[in-house]
*Asks:* 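Can you keep this structure in mind? I'll have questions shortly.
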Amino acid sequence: MIQLSKGFFISLEGGEGAGKSTQNKRIIDWLAGQGLEVVETREPGGTIVSEQIRQVLLDTRNAGLGATAELLLMFAARSQLVQEVILPALADGKVIVCDRFTDASYAYQGGGRQLGAETVEVVEKLVLKGLRPDLTLLFDIPVEQGMKRVAGRGEADRFEVESLRFFERVRDAYLERATADPQRFRVIDASLDEDQVWQQVRHILQEKLGL
Ligand SMILES: Nc1ncnc2c1ncn2[C@@H]1O[C@H](COP(=O)(O)OP(=O)(O)OP(=O)(O)O)[C@@H](O)[C@H]1O
Ligand SMILES: [Mg+2]
């Protein structure tokens, strides 16, 4: 096993059907194949408490949940995940791969729900105290193409029932964050086929981890 001195934190971001979960599997397998110790997790969720909060957030019966309450629940789940999973894994020198993280709050609550980046930033500072991923892979895909991929996946959750305009705002907010922080972000053309997307991801991982 290769032991990193400080761990490495990777987040996967992007809209519905961009292929995050699909590429996540390949990333985990490939990193493990390189001899790295990998921890896989997701948001909202990843701990018992955070998964319970996830249920509240995704439940379509909670149509009346306000945008600010949604933001705070996201960060409550995130806080627990950071404390229980992410910080310990980083301290142990592991690679952590998280399916969505704080940038998703900028995209969905800041952009989609129109709370604005400034509001999200206030909560981020309070909860995360500067903790950010070392690398954020943004799987970018035209909204309608992503939606087509997930159509017929069964019942839509509380986010999936949102309008095209909502998801356009989510996409724009993600791209804006990527442009503002090119050091941390890598934008991946997720509209291509699975293998072509993976080639992009693998090159970035090799570059960033020096493998
Ligand atoms: N590059 C690709 N080309 C075509 N179809 C793909 C590609 N990547 C994934 N898919 C398919 O699209 C669907 C959505 O993929 P996936 O679940 O990985 O997306 P996701 O980004 O995790 O979505 P969500 O945000 O809803 O969790 C799946 O049926 C998957 O098999
Ligand atoms: Mg997914």
Side-chain angles (χ1 to χ4, degrees), residues 9-32 38-47 50-51 53-60 62 65 70-71 73-74 77-78 81 85-86 96-113 120 133 135-178 185-205:
F9 180 12
I10 302 171
S11 64
L12 312 183
E13 298 284 0
E16 322 296 298
K20 299 179 294 300
S21 301
T22 303
Q23 296 295 327
N24 194 357
K25 282 207 199 78
R26 294 199 184 206
I27 293 170
I28 301 288
D29 290 349
W30 188 81
L31 290 172
V38 191
V39 175
E40 179 186 4
T41 190
R42 68 159 180 188
E43 279 212 338
T47 75
S50 311
E51 290 288 337
I53 296 172
R54 178 188 181 93
Q55 305 248 309
V56 172
L57 282 162
L58 299 189
D59 193 337
T60 48
N62 296 332
L65 186 67
E70 180 179 292
L71 176 73
L73 284 169
M74 285 290 181
R78 184 166 298 137
L81 179 69
V85 178
I86 295 178
I96 180 133
V97 182
C98 193
D99 193 333
R100 298 189 185 283
F101 197 62
T102 304
D103 298 297
S105 286
Y106 282 92
Y108 284 77
Q109 286 75 50
R113 303 273 187 234
V120 180
L135 170 64
T136 297
L137 300 174
L138 174 55
F139 294 86
D140 182 56
I141 189 168
V143 173
E144 290 190 64
Q145 190 183 349
M147 281 181 154
K148 268 196 206 125
R149 285 185 186 170
V150 295
R153 186 162 64 174
E155 241 168 271
D157 66 33
R158 206 176 55 81
F159 288 97
E160 290 165 351
V161 297
E162 283 298 333
S163 65
L164 209 57
R165 290 229 308 281
F166 175 91
F167 291 111
E168 293 288 2
R169 288 197 297 274
V170 169
R171 185 184 185 201
D172 291 347
Y174 267 136
L175 287 170
E176 199 177 302
R177 287 193 63 71
F185 272 92
R186 288 291 181 278
V187 182
I188 288 154
D189 181 351
S191 69
L192 304 173
D193 73 36
E194 258 183 64
D195 285 335
Q196 289 171 312
V197 175
W198 167 242
Q199 292 312 320
Q200 299 174 66
V201 172
R202 188 171 52 81
H203 280 128
I204 294 163
L205 293 177

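Both counts, for ligands and for their atoms, begin at 1 and track the order of listing.
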*Asks:* Please test Val197 against Thr22 for side-chain contact (heavy atoms from CB on, under 4.5 Å), starting from the C-alpha separation and ending with a verdict.
*Replies:* CA-CA 10 Å; Val197 175; Thr22 303; over 6 Å; no

*Asks:* Quick check: does Ala18 get an N/O under 3.5 Å from an N/O on ligand 1?
*Replies:*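 Yes; the residue has a nitrogen or oxygen that sits under 3.5 Å from a nitrogen or oxygen of the ligand.
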
*Asks:* Quick test of your reading of the model: are Glu160 and Arg153 salt-bridged, counting only N-O distances below 4.0 Å?
*Replies:*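 Counted as a salt bridge, because a side-chain N and a carboxylate O are separated by less than 4.0 Å.
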
*Asks:* Using a heavy-atom cut-off of under 4.0 Å, does the side chain or the backbone of Asn24 touch ligand 1, or both, or neither?
*Replies:*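 The answer is neither; Asn24 stays 4.0 Å or more away.
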
*Asks:* Closer than 4.0 Å to some heavy atom of Leu192 - which atoms of ligand 1 meet that?
*Replies:*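 The atoms of ligand 1 under 4.0 Å from a heavy atom of Leu192 are 1 (N), 2 (C), 3 (N).
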
*Asks:* Which part of Asp193 is near ligand 1, with near meaning a heavy atom under 4.0 Å away: side chain, backbone, both or neither?
*Replies:*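 Backbone only; the side chain of Asp193 stays clear of ligand 1.
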
*Asks:* Side chain, backbone, both or neither: which applies to Arg100 and ligand 1 if a contact is any heavy-atom pair less than 4.0 Å apart?
*Replies:*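 The answer is the side chain of Arg100.
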
*Asks:* In this structure, does ligand 1 have an atom that sits under 4.0 Å from one of the heavy atoms of Ser191?
*Replies:*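 Contact check Ser191 vs ligand 1: negative.
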
*Asks:* Under a 4.0 Å threshold between the charged nitrogen and the carboxylate oxygen, would Asp195 count as salt-bridged to Arg26?
*Replies:*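 Between Asp195 and Arg26 there is a salt bridge, with a charged N closer than 4.0 Å to a carboxylate O.
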
*Asks:* Run the salt-bridge test on Glu176 and Arg171 with the 4.0 Å N-O cut-off and return the result as yes or no.
*Replies:*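 Judged by the 4.0 Å cut-off on N to carboxylate O distance, Glu176 and Arg171 do not form a salt bridge.
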
*Asks:* Strictly below 4.0 Å, N to O, side chains only: are Arg149 and Glu16 in salt-bridge contact?
*Replies:*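 Answer for the salt bridge query: no.
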
*Asks:* Provide, to 0.1 Å, the distance between atom 31 (O) of ligand 1 and the closest protein heavy atom, together with that atom's residue and name.
*Replies:*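 Answer, as residue, atom name and distance: Thr22 OG1, 4.2 Å.
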
*Asks:* Do me a favour and list the nearest non-hydrogen protein atom to atom 4 (C) of ligand 1 with residue, atom name and distance?
*Replies:*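 The closest one turns out to be Arg149 NE, 3.5 Å.
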
*Asks:* Are a donor atom and an acceptor atom from the side chains of Thr60 and Asp157 found within less than 3.5 Å of each other?
*Replies:*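 Side chains of Thr60 and Asp157: no pair found under 3.5 Å.
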
*Asks:* I'd like to know if Glu194 and Lys25 make a salt bridge, using a cut-off of under 4.0 Å between side-chain N and carboxylate O.
*Replies:*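 Between Lys25 and Glu194 there is no salt bridge, as every charged N stays at least 4.0 Å from the carboxylate O atoms.
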
*Asks:* Look at ligand 1 and say whether Gly17 reaches it with a heavy atom at a distance under 4.0 Å.
*Replies:*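 For ligand 1, residue contact (heavy atoms, under 4.0 Å) with Gly17 is present.
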
*Asks:* Once you round to the nearest 0.5 Å, how far does CD of Glu43 lie from CG of Leu57?
*Replies:*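 Spacing of CD (Glu43) from CG (Leu57) equals 10.5 Å.
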
*Asks:* Ligand 1 versus Gln196, non-hydrogen atoms closer than 4.0 Å: side chain, backbone, both, neither?
*Replies:*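 Answer for Gln196: neither.
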
*Asks:* Parallel, tilted or perpendicular: which fits the ring planes of Phe166 and Phe159, with parallel below 30° and perpendicular above 60°?
*Replies:*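 Ring orientation, 0 to 90° scale: tilted.
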
*Asks:* Give the C-alpha distance, both sets of side-chain angles, the deciding distance and a yes or no for side-chain contact (heavy atoms from CB on, under 4.5 Å) between Arg202 and Leu205.
*Replies:* CA-CA 5 Å; Arg202 188 171 52 81; Leu205 293 177; 5.6 Å; no

*Asks:* Under the 4.0 Å line, does any protein heavy atom show up next to atom 6 (C) of ligand 1?
*Replies:*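 It does; a protein heavy atom is within 4.0 Å.
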
*Asks:* Show which atoms of ligand 1 fall inside a sub-4.0 Å distance from at least one heavy-atom site of Glu16.
*Replies:*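 Numbered from 1, ligand 1 contributes 25 (O), 26 (O).
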
*Asks:* State, without any angle test, whether Arg78 and Ser105 hold a side-chain donor-acceptor pair at a distance under 3.5 Å.
*Replies:*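 Ser105 and Arg78 do have a side-chain donor-acceptor pair below 3.5 Å.
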
*Asks:* Decide yes or no on side-chain contact (heavy atoms from CB on, under 4.5 Å) for Asp189 and Asp140, but give the supporting numbers first.
*Replies:* CA-CA 6 Å; Asp189 181 351; Asp140 182 56; over 6 Å; no

*Asks:* In terms of atom number and element, which parts of ligand 1 are under 4.0 angstrom from non-hydrogen atoms of Gly15?
*Replies:*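 Taking each heavy atom of Gly15 in turn, ligand 1 has 21 (O), 25 (O) under 4.0 Å.
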
*Asks:* Ignoring angles and geometry beyond distance, decide whether Gly19 reaches within less than 3.5 Å of ligand 1 through its nitrogen or oxygen atoms.
*Replies:*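 Right, the criterion is met.
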
*Asks:* Can you pull out the closest protein heavy atom to atom 21 (O) of ligand 1? Residue, atom name and distance to 0.1 Å, please.
*Replies:*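 Nearest neighbour among protein heavy atoms for atom 21 (O) of ligand 1, to 0.1 Å: Lys20 NZ, 2.7 Å.
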
*Asks:* For a quick test of reading the model, state the closest non-hydrogen atom pair linking Asp59 to Arg158 and the distance between them.
*Replies:*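 It is O-CD, 3.2 Å.
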
*Asks:* Does any N or O atom in Arg153 lie less than 3.5 angstrom from one in ligand 1, N or O only?
*Replies:*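 Yes; the residue has a nitrogen or oxygen that sits under 3.5 Å from a nitrogen or oxygen of the ligand.
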
*Asks:* Supply the atom-to-atom distance Ile96 CD1 to Phe101 CZ, rounded to the nearest 0.5 angstrom.
*Replies:*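 Interatomic distance, Ile96 CD1 to Phe101 CZ, rounded to 0.5 Å: 9.0 Å.
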
*Asks:* Restricting to under 2.8 Å, identify the protein N, O or S atoms around the Mg ion (ligand 2) as residue plus atom.
*Replies:*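 Near the Mg ion (ligand 2), below 2.8 Å, one finds Ser21 OG.
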
*Asks:* Ignoring hydrogens and geometry beyond distance, is a side-chain donor-acceptor pair present between Arg169 and Tyr174 at under 3.5 Å?
*Replies:*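 No, because no side-chain N or O of Arg169 sits under 3.5 Å from a partner of the opposite role on Tyr174.
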
*Asks:* Kindly identify the option in Ser21, Gly152, Ala104 whose heavy atom sits closest to atom 22 (O) of ligand 1.
*Replies:*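 Checking each option, the heavy atom nearest atom 22 (O) of ligand 1 is found in Ser21.
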
*Asks:* Check for me whether Gln23 has a heavy atom closer than 4.0 Å to any atom of ligand 1.
*Replies:*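 Contact check Gln23 vs ligand 1: negative.
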
